[in-house]
Amino acid sequence: MPAGRRGPGDQVTILAPSGLGAPYRYLLLSSAVSTLGDGLRFAALPLLAAVLLDSPVQVAAVTAMTTVPWLLLGLPAGAWADRVDRVRMMVVADVLRAVTLVVAVLLLLTGALGFVPLLVVAFLLGVGEVMFDCASFAVLPALVPADRLETANGRLFTVQTVSRDLLGHLLGGLLYTVGRVLPLVVDAVSFVVSAALLNRLPATRAATTDRRGGLWRDIVEGVRHLAGDRLLATLTLTGGVINAVYLGQVAILVLLVRDVLGLGPTGYAMVLAVGALGGVVGGLVADRVVAAFGRTAVLLGGLALMGVSGLGLAAGSVVTVVGGYAAMGFGLMLWNVVAVSLRQSLVPVHLLGRTIGAYRLVAWGTMPAGAVAFGALADAWGTAVTFGVGGGCVLLVAVVVAPLLAGDRRLRKDPVTGGGRHV
């Protein structure tokens, strides 16, 4: 089991095990349990919103509200993750989300879960996600050897995809047909179990953070580091476009499946699950694809695949929607594994929390606008055309960033030795 030796003024030192270690397995299991519940909610909440609410814009707004906290709290939460026990911060986030879901269940049972309560519930779930993700991004490099990051991230993302996007989405649609409240109840339980598993992890804190300058100084330091590195800035801005398009497409996918394909809740859940299968395959092969073709080719190939997939979804047939969503999941997973591993490798460990806060402010802060914009476009032009617009946007971004990625030599060698990650 890896252990950390920390003292005042020292950065975290990792005693690398021969494998990924027991703490990583606890993190993996916790993530599997938590994301299973998330998948149930992810499939059920749009179905619930589509029944309770009046327009595509309102349905999309509920989905978008879960990402609004990244705009408001991403920077301070990231800086705070560099000051406190990151594992404890993840536990608190799980408890917050469990309590929020219990309240949502009570409101649904009493008939009080309308548009405004749904927005509040979505917002609080987003707050918990901000806290959890800022801490967990910084925890992983402290649990595994530096040269195993892409493998560790690939396995973690694969487990999350199987649990959330495959099993969770399928069960969410099925449970929703049995009772609208069931997916929310299971999600609440999953957060409680996740919190219990996270308590088995060793404490993780970046001891080098100088607290004398205050939280604002920490935030500025993280933003400057991210903006001052051309590669990190490019990944951040590109992530913003990807996420705006992706969440916009996800927000109206239920309408495409229901209104264009004529499928019900189970069909919607199955389309989500097929997209998850693409992601599972991408996570399993990501490290081997990188070894064969290099990071630049994988990043650009992932973008191209996501763009072409959007055009396939726009065709509006069962075959093109299912195939396009599977290809989109594969391309997105390849991008995520490489981009996340690069950021974890290139950023000094004591800056990991606040840089993920700054990254998510941009990369996830675009998601509410994307969801609302795609909802409005679907209202005006129809859902199929809107998917085509999203695919074209991603392809355009791929063309723009290609010379920037190809010109960075750190993508052509080990980012740990070339990028200044201090462990």
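These numbers come from the heavy atoms of this one structure, side chains and all, not from hydrogens, waters or symmetry mates.
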Please tabulate, for side-chain N and O atoms in residues 111-128, each donor-acceptor pair with protein atoms closer than 3.5 Å (sequence neighbours left out).
none

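V192 approaches A98 most closely through the heavy-atom pair CG2-CB, 4.0 Å. Taking all atoms of both residues into account, the shortest heavy-atom contact from V87 to L198 is CG1-O, 3.3 Å.
For residues 242-251, no pair satisfies side chain to side chain donor-acceptor pair (under 3.5 Å), with sequence neighbours left out. Sorted by first and then second residue, the salt bridge (charged side-chain N to carboxylate O under 4.0 Å, His left out) pairs involving residues 174-188 (not counting sequence neighbours) are R41-D187. Identified under the salt bridge (charged side-chain N to carboxylate O under 4.0 Å, His left out) test for residues 322-350, with sequence neighbours left out: none. Applying the side chain to side chain donor-acceptor pair (under 3.5 Å) test to pairs two or more places apart or on separate chains, those with a residue in residues 192-202 are Y26-R200, S30-S194, R88-N199, D94-S194. Residue pairs satisfying the salt bridge (charged side-chain N to carboxylate O under 4.0 Å, His left out) criterion with at least one member in residues 63-75, sequence neighbours excluded, are absent.
For the pair R155 and Y24, the cation does not sit on the ring face, since its NZ or CZ is not both under 6.0 Å from the ring centre and inside 45° of the axis.
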Verdict with reasoning, V245 to F374, per side chain to side chain contact (heavy atoms under 4.5 Å, CB included)
CA-CA 8 Å; V245 171; F374 273 60; 4.2 Å; yes
Under the criterion side chain to side chain contact (heavy atoms under 4.5 Å, CB included), I'd like the reasoning laid out for V281 against L277: C-alpha separation, chi angles, the key distance, then a yes or no.
CA-CA 6 Å; V281 175; L277 282 175; 5.7 Å; no
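Residues satisfying the side-chain contact (heavy atoms from CB on, under 4.5 Å) criterion with D287, sequence neighbours excluded, are T151. In terms of the salt bridge (charged side-chain N to carboxylate O under 4.0 Å, His left out) criterion, E129 has no residue partners (sequence neighbours excluded). Legend: residues meeting side chain to side chain donor-acceptor pair (under 3.5 Å) with S31, ordered by chain and number and at least two apart, are Q160. With sequence neighbours left out, V220 forms a side-chain contact (heavy atoms from CB on, under 4.5 Å) with W216, R224. By the side-chain contact (heavy atoms from CB on, under 4.5 Å) test, L167 pairs with L36, V162, sequence neighbours left out. For T234, the side-chain contact (heavy atoms from CB on, under 4.5 Å) partners two or more places apart in sequence, or in a different chain, are R230, T238, V401, L404, L405.
Within the 4.5 Å cutoff, the side chain of L332 has no heavy atoms near those of the F157 side chain. I242 places a side-chain heavy atom less than 4.5 Å from the side chain of L303.
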